[in-house]
Every structure is written in structure tokens, then in C-alpha cells.
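Worksheet: one structure, shown below.
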2 protein chains.
Amino acid sequence: MDTRLNLIIDSLRQRDFRVTPQRYAVLKLLCTSKAHPGPGEVYEQLRQQFPTLSLATVYKTAALLRDMGELTELPMKDGTTRYDGRNPAPHPHVICNRCLKVMDFDAPPLDFLQQEAASATGFHIAGFRLDFFGLCPDCHNN
Amino acid sequence: MDTRLNLIIDSLRQRDFRVTPQRYAVLKLLCTSKAHPGPGEVYEQLRQQFPTLSLATVYKTAALLRDMGELTELPMKDGTTRYDGRNPAPHPHVICNRCLKVMDFDAPPLDFLQQEAASATGFHIAGFRLDFFGLCPDCHNN
DNA sequence: TTAAGTGCAAAGGTTTTGCGAAACT
DNA sequence: AGTTTCGCAAAACCTTTGCACTTAA
């Protein structure tokens, strides 16, 4: 259940990073949320629990997780960022053009495409990002 | 060869947009370049020909082409933008993590994935973006 | 002639950074 | 006790906007 969270915390301590209450709260939210929250959402959701929490701390904690390979940043068209800390491995998303909702979905593996890209270009491919854009059910029904 | 450029120019005139020398130069560069240039590159390349050219004009011309459906903006991880005005339809790219080169490659159609995304999420999908990240031949050999 | 475009400079918005104060180990 | 981290505020960065001057049609 919270095994992954504990592993991340152990890994932090091993690297002489401290597990402060703010850091713990931010990384727990980031690692468990399905909503692909942005810095602002993380900040707002934890403000009640930590009235002095700053956006800078949110950014720094997310960058730390990203550097550990435990979170992917998803820069959006509008210049904002959304975090995917629940499943940091590359996977496709659908993104609503109106409400900016970001969702996962089950997709077949893209290895064949990656190999096509590598052989066609000579690149050494390390990752990918695939977003489908459109309108979510909520938005195209209202 | 330059048929598409002429079609775009006709379309501009029909909509009471004017074809100024700056606008013509920017859109010609954007519509023909294979290099996926950013605003800065467009600006630098045309500066010699138009010493008073401004970045604002580059941005505005690109936005105009984008609104006509003749150009796709590719926001990058680092917050900058690259333009794809040569083939505005969605298609995959490979992007070098070191030199930030952006390249096209021939890829099989992704319709099946798009249908998977639509049926799995209920979204009405209108487009996609697929980037593979890695090191280009120049960068992994040096 | 006149409405649209250019270019400069300022504004806007998000993310990053510097640094003194606080706090984890 | 000694570092790390926090949080505030300022800086940095790219992009957009406002406006007077210029110019295409």
C-alpha cells in the first residue's frame, strides 16, 4: 500500500536528505494522487495543514522526486506544469483542452514505435511522452 | 514547390490580413524550414535582412499561422517553443536531450492508439503529440 | 486614405534562486 | 551542534500586450 512511499523515504534518508513534515506531506500527495496536480494544487491542498507552506518548497520537493526518478514533470501547453508522481514511467495521457484534466488510460506498449524512431533517426531513445488532446466527457456534455 | 506558401498568402489576403515584407519572410521561413526553429532562431536568421525586425513580430506571425491551422507550436520542456510550420498535422518527433535538436521520422499511423484512448476515457480526441527523447547521433558520439 | 502591422518597451505569469531563520538528525 | 531545509522576496525567463508610428492595399 504505502510501500513505495516508505521506499522513497528510506532512499531519501540514505542520501542524507531530511524528511521534514512539509516534505513528507508534499511527496505523499505527489506519489499517491491520481489527479496529476500542479504546483498550485499541491500548495492549496496542503496549506490548511501547513499554513506557512511555500510554493518554493513544493517546487523543490517535486524537483527532488524528479531527480530520484520517482516523478515525471508534465509541462503543459499553457506554460504550467503538472506532476505525475504515481507512475513515473513514461505512459500516454489524455488531456482535456477545456478543463485541462489529465488522465491515464491503459495503452498497449509503444516499444515498436520507439524502435522505429531509433532506427529511422539514429537516436538513442531514453523515454517518450504521448498526449492525446480533446474534450473530456464532462466538457463535451456541457 | 511553393504552392502551399502561395495558398497561405492568398488565404491571408482573403481575410484582410496584409502581407508585409516581415510577415512574408517569417512565414516563408516557418513554412519551409525542416529545423523546427524557435522564435529566437527565426529572429536571428531574418535580422540581417530586416534589421528592425522584432521578436514580437515573430511571435505574432507564428500565432497567426497557428490560428490558420498552418503551424503547430511545440512547447519544450525548458519552457521555450519550437515551431513546426512545414507539416502542421500531428506527427511524432525525436528530440535530443543534449542539443535540443528536433527531428521528424516516418512512423506508422497512430489511429488505433487514438481510438484506444477515446474508448478507454470517453474523450473526444482532436489531436496528439508524441515525442521520443534521447541523444542524437552527433551527441552520443561526442 | 485608412485600417492593419511593426517595433519598442513594459507587463504578465510561472519557475528558480538567494539568504536569514528555523528545525531535523 | 551542525547541516539541511523552509519560506519569503527578488530575480530570471519567455511570451504577451499597449501604444505611437509606419505602411500595405
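Throughout, protein chains are lettered first and strands after them, A, B, ... in sequence-line order, and every chain is numbered starting at 1. Atoms considered below: every heavy atom in the structure, side chains included; atoms not considered: hydrogens, waters and symmetry mates.
The B:R23 side chain lies nearest to C:dG5 when the options are C:dG5, D:dT17, D:dG7. Nearest nucleotide to the B:T81 side chain, out of D:dG7, D:dT15, C:dT25: D:dT15. Residue A:V19 places its side chain closer to C:dT25 than to any other of D:dT15, C:dT25, C:dG5. Between C:dG7, C:dG5, C:dT25, one nucleotide has an atom nearer to the side chain of B:A56 than all others, and that is C:dG7.
With rounding to whole Å, B:L65 atom CG is found 13 Å from C:dG5 atom P. If you take CG of B:L55 and C1' of D:dC13, they are 13 Å apart, rounded to a whole angstrom. Distance, B:Y59 OH to D:dC13 C1': 10 Å, rounded to whole Å. Residue B:F17 contributes atom CZ, which lies 15 Å from atom C1' of C:dT6 at whole-angstrom precision. We find that CG of A:L12 is positioned 13 Å from C1' of C:dC24, with the value rounded to whole Å. Regarding A:Q49, its CD atom lies at a distance of 14 Å from the P atom of D:dC6, rounded to whole Å. Atom CZ of B:R15 and atom P of C:dG5 are 13 Å apart (whole Å). Rounded to whole Å, the distance from NZ on A:K60 to C1' on D:dC6 is 7 Å.
Between B:L130 and B:L113 the shortest side-chain heavy-atom distance does not fall below 4.5 Å. Using a 4.5 Å heavy-atom threshold, the side chains of B:L64 and B:L12 count as touching.
Judged by atom type and distance alone, A:R18 reaches the base of D:dT4 through a side-chain donor-acceptor pair under 3.5 Å.
Put simply, A:T20 has no side-chain N or O that comes within less than 4.0 Å of OP1 or OP2 on C:dA23. Residue B:S54 has no polar side-chain atom (N or O) positioned under 4.0 Å from OP1 or OP2 of C:dT6. The side chain of A:Q22 places an N or O atom within less than 4.0 Å of a non-bridging phosphate oxygen (OP1 or OP2) of D:dG7.
Within a 6.0 Å sphere centred on CG of B:D78, heavy atoms belonging to other residues, nucleotides or ligands number more than 12.
Taking the six-membered ring where the residue is Trp, A:H91 and A:H36 present tilted rings, their angle falling between 30° and 60°.
Each of A:F50 and B:G79 has a nearest nucleotide on DNA chain D; the 5'-most of these lies closest to A:F50. Each of B:D16 and B:P51 was matched to the nucleotide of DNA chain C holding its nearest heavy atom; the match closer to the 5' end belongs to B:D16.
A donor-acceptor contact shorter than 3.5 Å links the side chain of A:T32 to the backbone of A:K28.
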